[in-house]
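Please read the structure below before turning to the comments.
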Amino acid sequence: MSEQPQARLAETFAEVEDALQSRWPETRLEPSLERIRAFTELLGDPQRAYPVIHLTGTNGKTSTSRMIDTLLRARDLRTGRFTSPHLERINERICIDGEPLTDEEFVRAFNDVAPYTHLVDESQPHPLSFFETIVGMAYAAFADAPVDVAIVEVGLGGVWDATNVADGAVAVVTPIAVDHARLLGDTPDVIAIEKAGIIKPGATAVLTQQLPGPAEVLLSRCAEVGATPVREGLEFGVVSRVPAVGGQLLTLKGLRAEYDDVLLPLYGAHQAQNAAAALAAVEAFAGDEPLDADLVRDAFARATSPGRLEIIRRSPMILLDAAHNPHGAETVAAALDDSFSFSPLIGVIGVMADKEYEAVLAAFEPLLAHVVCTQNSTTRALPAVELAATAREVFGADRVSVTPRLADAIDEATTLAEAGEAVGSSIGSGAVLVTGSVVTVGEARAMLRRRERTAGG
């Protein structure tokens, strides 16, 4: 192994980003907890300083994490939240009391752990990865705050995920489907074995509705380790949901009580299910008494989930959604059909080359009048011309155009949505959906918000 340089304290946010990104990327994995265990031991095992609510699953983790966070803060608890990936800026991953670390706090969190990174690098066959390092930063920052409870989303899988050095008092498993097949397996049942690894002895496992195979795997894991399963549709769930202006009105069955007239300002049946899972997780964490109904209503009314069917602009409306796998795309398509009636709806899609993008395109085909194929700025992005070749097979050549630069693609889609009649629809009812990748949506979000600030200022 080559000799690792001594850790140097960072002075700026850019230096921290550079130091983290010079390590193994999140897409490169070596399944072992040895490095992260060595790291957290040197840090004094900060992940044991507070109770943890741990989340895994294929889709819905970040939205559910954010709702759990909002509910816990409504109960006057100080929270830490770790989610990934980020949309726009890396410090979004580590939040305390619902707010990302400031640039200065992020630099301080890095410098607190930096002296120990090279010790791990020197003692292990492989150096700490980007993800392992930022997990250590998060756990240490939460202990330093200190927080009353941490909400921790896995990065990938479960058993070997760096976050899994923590033992969740509550483990939440959102719906399991195929994603990251090369790393996790190519069937939901195999993937469920990996994700079940976050369910620890004595924990409460909040299990959302699953396919039969994954459900069996998760329940077997609960039996094996003595965890208590609570299941969507049995112990908790969505009693009713009605699309409403700005979101949906819900009645939720929790573990301790039923809560009605819950306004959730997020769109789609999947967000209602995420809300039910968040509620069950907080009830399981809080004990045997029901939550205050007004507190629950107030917390859910303040729920946000950036980049998840987020309306970033009106006239014409531009929505952002980070769907990047077939299950996510199907879920978003159903939510669009359920909550909106755009004509035409123009898609701006940019994907990663290692994703099942043909199935993503197929999921959106019934809803999109036209798709503008583009690409984000990362090296993992599929070139727009290659995406367009597949899109033409799904949509037909006349419904596909290619505009590699994302800003230009959004402008083209906006023009098509405003024109309306150009694709056979009435003027003024069109909208744009930007989707296909978290990175694509993050870059679009930053650009559109920058434009709004410029226009407003």
Side-chain angles (χ1 to χ4, degrees), residues 26 29 33 35-37 39-41 43-73 77-87 90-101 106 109 113 128-174 176 194-208 227 274 277-278 280-282 284-286 305:
E26 287 173 284
L29 298 179
L33 293 179
R35 291 175 303 281
I36 187 67
R37 280 204 181 110
F39 192 26
T40 51
E41 280 175 19
L43 297 173
D45 281 325
Q47 76 279 9
R48 309 213 179 283
Y50 37 78
V52 170
I53 297 175
H54 206 173
L55 295 95
T56 189
T58 302
N59 292 306
K61 297 185 294 295
T62 298
S63 293
T64 307
S65 296
R66 293 177 68 94
M67 291 187 223
I68 291 171
D69 193 349
T70 305
L71 280 165
L72 290 169
R73 283 186 287 116
L77 293 173
R78 188 164 208 215
T79 60
R81 185 177 81 243
F82 178 78
T83 55
S84 62
H86 57 277
L87 263 182
I90 198 169
N91 42 352
E92 296 167 20
R93 294 175 183 238
I94 305 176
C95 294
I96 292 175
D97 275 340
E99 293 296 325
L101 297 187
F106 197 78
V113 306
L128 282 166
S129 69
F130 165 93
F131 189 72
E132 289 163 340
T133 307
I134 203 167
V135 167
M137 285 172 59
Y139 284 157
F142 295 160
D144 190 51
V147 302
D148 298 314
V149 53
I151 306 109
V152 177
E153 175 189 330
V154 304
L156 191 68
V159 175
W160 302 115
D161 189 72
T163 62
N164 205 30
V165 291
D167 294 326
V170 178
V172 180
V173 186
T174 67
I176 294 171
E194 176 73 19
K195 293 186 184 292
I198 74 160
I199 300 173
K200 303 294 176 66
T204 300
V206 177
L207 309 178
T208 63
N274 291 338
V282 173
F285 178 79
S305 195

Look up atom [atom1] in [X] and atom [atom2] in [Y], then write down how far apart they are to the nearest 0.5 Å.
X      : Y      : atom1 : atom2 : value
Arg78  : Leu72  : CZ    : CG    : 14.0 Å
Asn274 : Ile68  : CG    : CD1   : 9.5 Å
Thr62  : Arg93  : OG1   : CZ    : 10.0 Å
Ile53  : Ser65  : CD1   : OG    : 9.5 Å
Ile94  : Met137 : CD1   : CE    : 4.5 Å

To check you understand the geometry: which heavy-atom pair defines the closest contact between [X] and [Y], and what is its length?
X      : Y      : value
Pro46  : Ala143 : CB-CB, 3.7 Å
Met67  : Ala278 : CB-CB, 3.7 Å
Val154 : Ser84  : O-OG, 4.0 Å

Under a 3.5 Å distance rule, please check whether [X] uses its side chain to pair with a backbone N or O of [Y] as donor and acceptor.
X      : Y      : answer
Lys195 : Gly57  : yes
Thr174 : Asn59  : yes
Thr56  : Val173 : no

task: May I have all residue pairs that pass salt bridge (charged side-chain N to carboxylate O under 4.0 Å, His left out) and include part of residues 131-151, sequence neighbours excluded?
output: Arg35-Glu132
- request: Among residues two or more places apart or on two chains, list those pairs meeting salt bridge (charged side-chain N to carboxylate O under 4.0 Å, His left out) that have a residue in residues 44-70.
  value: Arg48-Asp167, Asp69-Arg73, Asp69-Arg81
Side chains of [X] and [Y] in contact at under 4.5 Å (non-hydrogen atoms):
X      : Y      : answer
Asp161 : Phe131 : yes
Ile151 : Phe82  : no
Tyr139 : Leu43  : no
Phe285 : Leu71  : no
Asn164 : His54  : yes
Ile90  : Phe130 : yes
Gln47  : Phe142 : no
Glu92  : Leu87  : yes

- request: Identify the residue among Val147, Thr70, Asp97 that makes a side chain to side chain contact (heavy atoms under 4.5 Å, CB included) with Thr79.
  value: Asp97
